[in-house]
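Here the structure comes first, spelled out in structure tokens, and everything after it is commentary.
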Amino acid sequence: MNEWSAMDDEVFRALGDPSRRLLLDRLNQRNGQTLTELCADLDITRQSVSKHLAVLEGANLVTVVWRGREKLHYLNAEPINAIADRWINQYDRRRAHLFADLKTALEQETVSDNDFVYTTYIKTTPERLWRALTDPEFTQQYWGVQHETDWKVGSPMAWKLGDVTMAGPGQKVLEHDPYRRLAFTWHTITPEFAAAVEMSDELLAKTSSEPLSRVSFDLEPDGDQVRLTVIHTGFEPGSEIRAMITDGWTRLLSDLKSFTETAPALNPTPATTP
């Protein structure tokens, strides 16, 4: 059995139980819930809910984030995206629409918690993935942007998109723990950026008035893979930027995965002897 079919089996088994599907429905309605909140009004014991969540987490359908002493559970659409990309073309049109509906349901932004949380597994090493995230030579290839910074905590960051540079107060490195955790503020929405991506004047006015959001990358080795969790947070209710980033992150992380798993240039340069 190859790696992809084994991963598919885990997801299908997790989705095969009605109680687990109910928990996913609850997280789709309101993301970032504790075990106590998920147990409310359910005819399922707390122990059973905990076991179901463990299965969902094992299938990567749920991501756990600790906020202080609280353990929050977030629905993760990445496995559905992967299965859809692998299998959808093998089904007839009607079944394909049904699968697309499931994928859309899990990605749909109906949550009251505005955090974007996404977990994916990348067949690489923490060192290769870290280079892909921090080296402007590589971010340019799959992201289309370059980050100009020395990566010291508190240092300013400028974002370059082609000939456009986004810089401003508050754009800085928040955390820098090599091969484990990286965090920084999102870029300012400038008129130059808006023109480059063909943003309307109305949308520019709304997005440029929003406070800067924050994004973090957590890297955790898992056998011959790295478990990467991306959390984008700090959005106000009704944020236009929050509405824009979901599809962008899904596509970007797919490109990051493909790039990191295949780019020979990410391999460390062998040491030369005199």
Mind checking side chain to side chain donor-acceptor pair (under 3.5 Å) for [X] and listing every partner two or more places apart, or none if nothing turns up?
X	answer
Thr120	Glu78
Thr260	none
Asp150	Ser155

- Query: Do Arg131 and Glu127 meet the salt-bridge criterion of a basic N to acidic O distance under 4.0 Å?
  - Reply: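 No, this pair does not count.
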
- Taking only Lys NZ, Arg NE, NH1 and NH2, and the carboxylate oxygens of Asp or Glu, determine whether Arg30 and Glu37 approach each other closer than 4.0 Å.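 Looking at Glu37 together with Arg30, the answer is yes, because their closest N to O distance falls below 4.0 Å.
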
Measure across [X] and [Y] and return the closest heavy-atom pair with its distance rounded to 0.1 Å.
X	Y	result
Ser208	Leu204	OG-O, 2.7 Å
Trp151	Leu133	CZ2-O, 4.4 Å
Tyr179	Pro126	O-CB, 3.8 Å
Leu61	Ala14	CD1-CB, 3.8 Å
His73	Leu27	O-CD2, 3.3 Å
Thr124	Leu129	CG2-CB, 4.1 Å

- Message: Leu23 vs Leu42, test: side-chain contact (heavy atoms from CB on, under 4.5 Å). Steps then yes/no.
- Response: CA-CA 10 Å; Leu23 291 172; Leu42 287 182; 4.0 Å; yes

How long is the straight-line distance from [atom2] of [Y] back to [atom1] of [X], given to the nearest 0.5 Å?
X	Y	atom1	atom2	result
Leu252	Lys257	CG	NZ	14.0 Å
Asn60	Thr229	CG	OG1	8.0 Å
Leu38	Asp41	CG	CG	11.5 Å
Cys39	Ile44	SG	CD1	8.0 Å
Phe217	Leu256	CZ	CG	8.0 Å
Ser209	Ile241	OG	CD1	8.5 Å

Side chain of [X], backbone of [Y]: donor and acceptor closer than 3.5 Å?
X	Y	value
Asp17	Ser19	yes
Glu210	Phe235	no
Asn76	Thr119	yes
Thr207	Leu203	yes
Arg242	His232	no
Arg21	Leu15	yes

- Message: Between Asp247 and Arg251, does the salt bridge (charged side-chain N to carboxylate O under 4.0 Å, His left out) criterion hold? Intermediate values first, please.
- Response: CA-CA 6 Å; Asp247 184 60; Arg251 294 173 183 271; 2.7 Å; yes

Are the side chains of [Y] and [X] in contact, using a 4.5 Å heavy-atom criterion?
X	Y	result
Val153	Leu174	no
Asn31	Gln33	no
Ile245	Phe116	yes
Leu182	Thr134	yes

For [X], what residues pass the salt bridge (charged side-chain N to carboxylate O under 4.0 Å, His left out) criterion, not counting sequence neighbours?
X	result
Glu70	none
Glu202	Lys206
Glu148	none
Arg46	none

- Is the centre of the Phe184 ring less than 6.0 Å from the centre of the His147 ring?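 Ring centres of His147 and Phe184 closer than 6.0 Å.
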
- Taking ILVMFWY side chains as joined if any heavy atoms are under 4.5 angstrom apart, and letting links pass through other members, which residues group with Val64?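 Joined to Val64, directly or through intermediates: Trp66.
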
- Message: Applying salt bridge (Lys or Arg N to Asp or Glu O under 4.0 Å) as the test, list every pair that has at least one member in residues 171-188; sequence neighbours left out.
- Response: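 Only Glu175-Arg181, Arg181-Asp218 qualify under salt bridge (Lys or Arg N to Asp or Glu O under 4.0 Å).
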
- Query: Do Met199 and Leu212 share a hydrophobic cluster, counting only Ile, Leu, Val, Met, Phe, Trp and Tyr and linking them when any side-chain heavy atoms are less than 4.5 Å apart?
  - Reply: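 No, Met199 does not connect to Leu212 through the hydrophobic network.
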
- Mind checking whether Leu22 and Leu75 sit in one hydrophobic cluster, side chains of I, L, V, M, F, W, Y counted as touching below 4.5 Å?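 Yes, it is one cluster - the side chains of Leu22 and Leu75 are joined through contacts under 4.5 Å.
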
Only pairs under 3.5 Å count here: list side-chain donor-acceptor contacts from residues 48-58, not counting sequence neighbours, and write none if there are none.
unit_1 : atom_1 : unit_2 : atom_2 : d
Ser48  : OG     : Thr45  : OG1    : 2.9
His52  : ND1    : Arg20  : NH1    : 3.2

- Query: Please walk me through it: do Lys152 and Val173 pass side-chain contact (heavy atoms from CB on, under 4.5 Å)?
  - Reply: CA-CA 7 Å; Lys152 295 179 180 178; Val173 180; over 6 Å; no

- Message: Show, in sequence, the C-alpha distance, side-chain angles and deciding distance for Tyr118 and Thr250, and conclude whether the side-chain contact (heavy atoms from CB on, under 4.5 Å) test is met.
- Response: CA-CA 8 Å; Tyr118 198 94; Thr250 302; 3.9 Å; yes

- Kindly determine whether Leu253 and Leu228 satisfy side-chain contact (heavy atoms from CB on, under 4.5 Å), including the steps that lead there. CA-CA 9 Å; Leu253 292 172; Leu228 174 66; 4.2 Å; yes

- Query: Pick from Arg227, Glu220, Gln225: which one makes a side chain to side chain donor-acceptor pair (under 3.5 Å) with Tyr121?
  - Reply: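 Among the candidates, only Arg227 passes.
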
- Can you list every side chain to side chain donor-acceptor pair (under 3.5 Å) pair that touches residues 137-146, not counting sequence neighbours?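 Non-adjacent pairs meeting side chain to side chain donor-acceptor pair (under 3.5 Å): zero.
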
Validation: residues 156-171 side-chain donor-acceptor distances under 3.5 Å, sequence neighbours left out:
unit_1 : atom_1 : unit_2 : atom_2 : d
Lys160 : NZ     : Thr165 : OG1    : 3.0
Gln171 : OE1    : Thr188 : N      : 2.7
Gln171 : OE1    : Thr188 : OG1    : 2.8
Gln171 : NE2    : Met157 : O      : 2.8
Gln171 : NE2    : Met166 : O      : 3.1

- Would you indicate whether Asp222, at its atom CG, is surrounded by more than 12 heavy atoms from other residues, nucleotides or ligands within a distance under 6.0 Å?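 Yes, CG of Asp222 has more than 12 neighbouring heavy atoms, counting only those of other groups under 6.0 Å.
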
